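Quick note: numbers below take in every heavy atom, side chains included, and nothing from hydrogens, waters or symmetry partners. Computed from a predicted structure; not experimentally measured.
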Amino acid sequence: MESHKLYGRRILHFLSTVKFKGNLYKHNSDSNYKVVEKTIKFLPMCHHYVVVPENHTIDDTRLNVTLLKYPYPKNAVSNRATFDFKSFRKLLSMKKMDIDFVFVHQPELLYNVMVALSDERYGEIVNKFLFFHWIDCPQSRGSAALPHSYMNQLGAINQCSKVFFHTPKSSEYFKKNYNKESSTTLNLDFVKNKSSYFPLASDKFPEPKPFNLPDKKVIVFNHRWNVSTGWKRLVEYTEDLGDEYRIWCTDPKAPKKYTGEVLPFNEYGYLLKESLCSVCFVDSYATWNLSVQDGLKFNKPVLCYKHPIMTEILGEDYPYFFKTKDEFLDLLKQVESDSGKSFEWEIPNHDKIFEMNLISSMVGCIKTDLKNPKDAYKWIYCILNGYEFKKDITNQIQPTIQLNSVWQYIRRWLLINGVKDDPNCEFTRYSISEENIKNLVDLTKDIDFNLKPITAKQTLVHNKNHGFF
């Protein structure tokens, strides 16, 4: 792993938190957090500073993950506009730590995050990645009264190094904002030239846990009960089904006749396994969907309204797409006639595609044709003489300076010239491998520099729930 080009790189994750129960952050049911977790798993060679809500139950003991508590708003709309500079800056000490990449899952706040870093004399060469979980447009707002934020989103795209959407079709929703006269025009080619993609696979299921199901033909509607998921079309298309059927919606907001019950994940798996099929009626705004993939994991058909995003997920030739009520009812009869037969359908390995896109985008940001910054050889000299931590090195070379924007340039040069940073340490901790020692010793042979003894012991505290200081 040490030979990986991304080994020792440090990533700051700023979240888009949308799932709270009271004051408690429900990370397990937050699809946005699941994306963060995937990026951490894809990048075991990096250290991850994850800015999490203050009240959470995230149990993460991985040495390459440090959780930093921050007071996120508990309202999804407020979260797009609210940033607490004072609290955020308390999380960071650029005297001790470094950031090579910022992963921002709330694109509207990229500017705020970067201004906060610049106040710490940092950020000029930090690589900025955006992850779009939703795109602001008339179809996605839910209410015409909500303030528009697409200008903030487009502004963040201008500033970022790379922007990730679920599919190439996703960014086209920006065009919906330009049906009226505006102070700007949309350069969608510019957006797409900066884009990469993070398609997502649904979660792996535990062993299904049996529970009592009605003695009926169960059709699962495993989507939120709102307009964007097509519940009105569901009601219309199933209104003439007989009493032998039961529509089971997994959203507690659904009317009682559609069950509307939250199930533990293992019981949800059992529901899918024992069902006749599941259905998806998403027919308007959508950038991705995890639930439409769940039934397929139990070899059960998913009857799906044909939508451009669903063809990206399931494949253009998926056999259970429909566009009309008659087509839906015909497919349902076909499923009934095939009941008892296993339906197998292979969809693309979405997570693997995401992983490859992420890593290639990050590697593409690493520059190798760099000039030697001033004092870089002194840093190497310190490391060769046993000074591992950034704080100790800067105290040797510039003891009277609290912060210096040049340090980030020195770090970038060190990492491409044989110096390693330990990803399992929450503080920047440098070392030099045996294979690189000779070359780096040669670079420092003319250094005339007196090292001072360390007066304050560097203490490692792997604190998972607080800032460092």
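Judged as a salt bridge (charged side-chain N to carboxylate O under 4.0 Å, His left out), and not counting sequence neighbours, the contacts of E239 are K325. Take K367 and apply the side chain to side chain contact (heavy atoms under 4.5 Å, CB included) test, not counting sequence neighbours, and it matches D369, L370, R412. Looking at residues two or more places apart in sequence or on another chain, you find a side-chain hydrogen bond (donor to acceptor under 3.5 Å, both in side chains) between D203 and K34. By the side-chain hydrogen bond (donor to acceptor under 3.5 Å, both in side chains) test, H4 is found to be paired with no residue, residues two or more places apart in sequence or in another chain being considered.
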Residues C365, M362; criterion side chain to side chain contact (heavy atoms under 4.5 Å, CB included); working and verdict: CA-CA 5 Å; C365 289; M362 293 176 70; 5.8 Å; no
Where do Y178 and T184 land on the side chain to side chain donor-acceptor pair (under 3.5 Å) test, with the steps shown first? CA-CA 9 Å; Y178 288 86; T184 66; 3.1 Å; yes
From CA spacing to verdict: salt bridge (Lys or Arg N to Asp or Glu O under 4.0 Å), K297, D294: CA-CA 6 Å; K297 294 196 171 184; D294 288 347; 5.7 Å; no
Side chain to side chain donor-acceptor pair (under 3.5 Å) between N436 and S433, worked out: CA-CA 5 Å; N436 291 312; S433 63; 3.0 Å; yes
For H105 and H133: C-alpha separation, side-chain torsions, deciding distance, then whether side chain to side chain donor-acceptor pair (under 3.5 Å) applies. CA-CA 7 Å; H105 292 263; H133 299 273; 2.9 Å; yes
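For Y270 and Y268, the distance between ring centers is not under 6.0 angstrom. Taking the six-membered ring for Trp, F88 and F85 have ring centres at least 6.0 Å apart. The distance between the ring centers of H27 and H56 does not fall below 6.0 angstrom. In this structure, the ring of Y72 has its center no less than 6.0 angstrom from the ring center of F20. Taking the six-membered ring for Trp and the full ring otherwise, F298 and F205 have centroids separated by under 6.0 Å. Taking the ring centroids of Y70 and F14, they lie under the 6.0 Å cut-off. If you look at Y49 and H47, their ring centroids are closer than 6.0 Å.
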Which atom pairs, donor and acceptor, lie under 3.5 Å between side-chain atoms of residues 193-200 and protein residues at least two apart or in another chain?
from : atom 1 : to   : atom 2 : distance (Å)
N193 : ND2    : D189 : O      : 3.2
K194 : NZ     : I157 : O      : 2.7
K194 : NZ     : N158 : O      : 3.0
K194 : NZ     : C160 : O      : 2.6
S195 : OG     : V191 : O      : 2.6

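By the neighbour-count criterion of 12 heavy atoms within 6.0 Å, atom CZ of R141 is densely surrounded, having more than that number from other residues, nucleotides or ligands. Other residues, nucleotides and ligands place no more than 12 heavy atoms under 6.0 Å from the NZ atom of K176.
Using a cut-off of 4.0 Å between Lys/Arg side-chain N and Asp/Glu carboxylate O, K253 and D251 are scored as not salt-bridged. Of the charged side-chain nitrogens involved, at least one lies within less than 4.0 Å of a carboxylate oxygen, so that K169 and E312 count as a salt-bridged pair. Between K192 and E172 there is a salt bridge, since a side-chain N of the basic residue sits under 4.0 Å from a carboxylate O of the acidic one. With respect to E37 and R62, a salt bridge is recorded, a charged nitrogen being found less than 4.0 Å from a carboxylate O. Note on D421 versus R429: no salt bridge recorded, every NZ/NE/NH1/NH2 to OD/OE distance being 4.0 Å or above.
For the pair K162 and F129, the cation-pi criterion (under 6.0 Å, within 45° of the ring axis) is not fulfilled. For the pair R233 and Y305, the cation-pi criterion (under 6.0 Å, within 45° of the ring axis) is fulfilled.
Ring geometry for W225 versus W231: interplanar angle under 30°, hence parallel rather than tilted (30 to 60°).
No hydrogens or angles considered: nothing links the side chains of T250 and N222 as a donor-acceptor pair under 3.5 Å. A donor-acceptor contact closer than 3.5 angstrom is absent between the side chains of R246 and Y258.
The list of salt bridge (Lys or Arg N to Asp or Glu O under 4.0 Å) pairs with a residue in residues 352-362, not counting sequence neighbours, reads K352-E355.
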